[in-house]
Amino acid sequence: MIWTTWRQHRAEAAVGAVILAALVAAMLTVGTIARSRAHAGLEALHRDFHTIPPFTAALVAIPLLAGMFWAAPLVSREYEAGTHRLAWTQSVSPLRWITTKIALIFGVLAFAALVLGLLATWTLDPLVPAFGGRYNSSWYDIQGMVPVACMLFALSVGVAASALIRRTIPAMAVTLLVYAVARIPVHWFRPHFAPVSTRTVTVPVSTLLLKLEGNPEDFAGAGASGDWVLHVRVTDSSGHPLDTHNGNLSVVQQYCPALSPTRAADGGVHVDADACRATIKALTIRDTVTYQPASHFWFIQAVESAIFFGLAVLFVTAAVLAVTRRRPT
Amino acid sequence: MSTAVTTAAVETAGAGHRYGDFWALRECTLALPAGSVTAVVGPNGAGKTTLLNLLVGLLPSSEGSLKVAGEQPSTEPDFLARVGFVAQDCPLYKEFSVADLLRFGQAMNPNWDGELARDRLLAAEVPLDRRAGRLSGGQRAQVALALALAKRPQVLLLDEPLASLDPLARRDFLKTLLGSAAATGMTVVMSSHLVGDLARVCDHLVVIRDGRVRLAGELDQILSEHVLVSGAPDQTARLPGDVQVLSETHHERHTTLLVRTPRPLLNPALTTAPVDLEELVLAYLERPR
């Protein structure tokens with residue numbers, strides 16, 4: 001069975017090896033360069049590596065492509081060519097046939113995903129402070145264990161669709177659909193995979209007056225800390241919500257209604273602030289920040305991985321049952 | 001059947017398979033002795049493939065029981081190792097070379113006789129380095145047969161193996177098949193929609209239509225039991241009670257009947273003639289149940 005699996009899938013294995021080698025080389029290069037520039041400061045890193053987040057966001061598609069092009073044809077192409085009648089009438093039970101194929105193909109691809117996941121974690125290490133931390137949705141899915149869980153989940157969906165539908169193209173379409181439907185909502189649930197924290201930041205109104213084109217939420221302190229800021233509630237010092245629709249300006253105006261801004265040619269906002277300055281002296285506003293601390297990153301990864309490992313087990317079981325339960329062909 | 005069947009290599013009792021509400025095969029009862037060569041004949045859609053898939057364990061039986069090589073057909077390796085199967089259209093992995101397919105057979109079967117397969121294919125002049133997708137129909141059939149034979153099965157099942165072959169390829173295929181069957185004593189069951197293909201090579205016959213077995217038995221006995229009877233209508237109307245009339249043709253002054261009779265008809269007013277096998281099978285296929 002091992003030789004048979006190798007012979008049937010060696011072309012795909014070659015394509016996969018080339019892709020893997022290219023990605024490993026790219027990540028090693030980026031990681032090395034980023035480390036050599038780490039001293040340049042976050043703004044320089046942000047400027048020099050701004051093409052990295054879109055690139056890592058595209059890598060999220062790797063498990064899906066593996067599921068569609070490797071797993072979805074696994075059983076259906078046997079049915080389409082009629083070779084299931086050849087494969088399953090040798091001295092190997094369909095159970096051993098499907099379990100060996102799944103073990104080998106899933107094992108190899110899960111290992112590749114593990115290599116890429118750990119390497120991505122290393123590569124991004126110097127870059128994450130410049131781009132809002134590890135939780136950044138552009139690269140959350142390609143770090144640590146989640147790529148392995150996603151890979152196994154996508155493959156299991158593919159092989160289950162393949163065994164149940166028995167037609168390759170529909171199985172690929174179903175794989176795409178199921179994977180997307182399962183993965184997209186995770187981005188909404190992920191903040192709740194661990195208990196959230198809150199903290200309060202007190203900001204003098206006079207600070208807002210200095211930067212009227214900014215927003216009161218800017219003082220919540222995300223950035224380099226690596227925390228994942230989920231929500232910022234802006235209130236006055238006694239806890240009443242403040243109008244923030246026009247950023248800092250609308251907040252300051254609530255204390256100094258007479259303040260009338262004029263937009264200058266350079267884009268900045270100029271006000272006659274002298275009258276106001278006396279009024280707001282010693283006044284503060286409060287940012288109440290709901291966030292996931294950077295320290296919860298691996299716990300959240302573990303929860304998400306466990307969910308998709310579990311789903312993978314379910315889909316693999318469905319595939320094995322579909323193959324071993326003899327049905328009309 | 002009066003043959004002394006001591007060991008039936010293929011035995012079914014009321015076996016059948018249902019696809020949803022449709023019975024592809026019902027109440028199929030057969031006993032094929034070890035070493036026999038059986039032709040399963042019937043039109044397309046008669047249930048031949050269903051019968052063979054039941055025998056090789058690709059399909060579960062919906063009713064009755066089956067025994068092949070002493071075991072109930074299953075997907076267990078022990079059973080599969082004793083049964084060779086050449087599926088309809090001889091499916092092969094197109095991207096595999098013939099040598100790859102032999103390696104595949106070796107990897108998938110504990111009793112694999114690679115030398116036998118290689119010798120057969122060399123004798124049939126099949127190039128071992130050619131990819132299966134580029135073989136001719138006759139070569140594909142030879143490869144599929146070699147893969148099945150190299151398992152050294154006790155029972156070899158073939159589904160319409162001759163359907164896509166030209167007459168020369170048919171002859172070569174049957175030569176390989178029957179040579180191996182004679183040398184190893186294995187039991188052969190093969191299906192065809194044309195009896196003419198197999199009449200010369202088989203010793204047992206199963207006629208099947210609409211999922212029902214219409215006729216089954218040893219070929220010699222079937223041929224000796226069936227006879228064409230001609231005579232005046234008043235004579236042909238008075239046959240013994242145990243003579244079964246399968247078809248009748250009325251001419252101006254006489255009637256010709258195809259009958260099944262347990263013993264020779266001795267009425268001097270009747271003339272009898274042996275029946276052609278193809279005609280006999282057609283009579284069973286055309287007969288309303």
Side-chain angles (χ1 to χ4, degrees), chain A residues 1-16 69-70 73-105 162-168 317 319-329, chain B residues 17-20 22 24 49-50 52-62 73-97 99-101 103-112 132-133 143-144 147-148 150-153 156-157 159:
Chain A
M1 253 330 282
I2 295 173
W3 181 85
T4 303
T5 306
W6 161 246
R7 178 61 189 83
Q8 277 191 286
H9 301 282
R10 66 185 186 187
E12 295 159 14
V15 173
F69 290 96
W70 286 359
L74 198 62
V75 186
S76 53
R77 73 173 179 190
E78 301 276 349
Y79 281 113
E80 283 170 337
T83 44
H84 65 292
R85 291 172 294 158
L86 176 68
W88 302 341
T89 53
Q90 306 302 311
S91 312
V92 168
S93 68
L95 176 67
R96 205 178 121 215
W97 185 89
I98 187 68
T99 49
T100 309
K101 284 208 161 196
I102 288 178
L104 290 174
I105 294 169
S162 190
L164 289 165
I165 301 170
R166 301 181 176 194
R167 313 255 314 130
T168 300
T317 307
V320 171
L321 287 178
V323 168
T324 52
R325 203 185 62 202
R326 291 173 292 164
R327 282 199 304 162
T329 49
Chain B
H17 184 81
R18 192 176 58 184
Y19 298 91
F22 171 69
T49 295
T50 302
L52 288 168
N53 284 346
L54 282 173
L55 293 177
V56 77
L58 277 174
L59 279 181
S61 60
S62 309
S74 70
T75 54
E76 292 303 313
D78 284 349
F79 171 76
L80 290 171
R82 292 188 212 179
V83 183
F85 185 55
V86 176
Q88 201 163 5
D89 306 324
C90 304
L92 299 171
Y93 291 113
K94 280 200 184 77
E95 67 280 12
F96 281 31
S97 69
D100 284 339
L101 284 165
R103 176 108 193 252
F104 161 80
Q106 183 179 20
M108 302 286 273
N109 296 285
N111 304 326
W112 183 253
V143 173
L147 287 176
K151 285 174 81 177
R152 284 187 293 184
L156 179 61
L157 305 162
D159 194 358

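Letters go in sequence order (proteins before strands), and every chain restarts at 1. Remember, predicted model here, so these are calculated numbers, not experimental data.
B:Ser74 and B:Leu80 make their closest contact through O-CD2, 3.9 Å (heavy atoms, listed as atom of the first residue, atom of the second, distance). Closest heavy-atom contact between B:Gln88 and B:Thr49: OE1-OG1, 3.2 Å. Taking each heavy atom of B:Phe79 and B:Val56 in turn, the nearest pair found is CE2-O, 3.7 Å.
Relative ring orientation between A:Tyr79 and A:His84 is described as tilted, the plane-to-plane angle lying within the 30° to 60° band.
Only the backbone of B:Ser97 comes within contact range of chain A, judged by heavy atoms closer than 4.5 Å. Contact of A:Gln8 with chain B is made through backbone and side chain together, with heavy-atom distances under 4.5 Å. Proximity to chain A involves both the backbone and the side chain of B:Phe96, based on heavy atoms less than 4.5 angstrom apart. In this structure, the portions of B:Arg103 lying under 4.5 Å from any heavy atom of chain A include both its backbone and its side chain. For A:Ala87, the parts sitting under 4.5 Å from any heavy atom of chain B are the backbone and the side chain alike.
The residue among A:Val92, A:Thr89, A:Thr4 with the most heavy atom pairs within less than 4.5 Å of chain B is A:Thr89. Counting heavy-atom pairs closer than 4.5 Å to chain A, the top-ranked of the candidates B:Asp89, B:Asp159, B:Leu92 is B:Leu92.
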ask   = Should A:Arg77 and B:Glu95 be marked as a salt bridge (Lys or Arg N to Asp or Glu O under 4.0 Å) after you check the CA-CA gap, both sets of side-chain angles, and the distance that decides it?
value = CA-CA 13 Å; A:Arg77 73 173 179 190; B:Glu95 67 280 12; 5.2 Å; no
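A donor-acceptor contact shorter than 3.5 Å is absent between the side chain of A:Glu78 and the backbone of A:Leu74.
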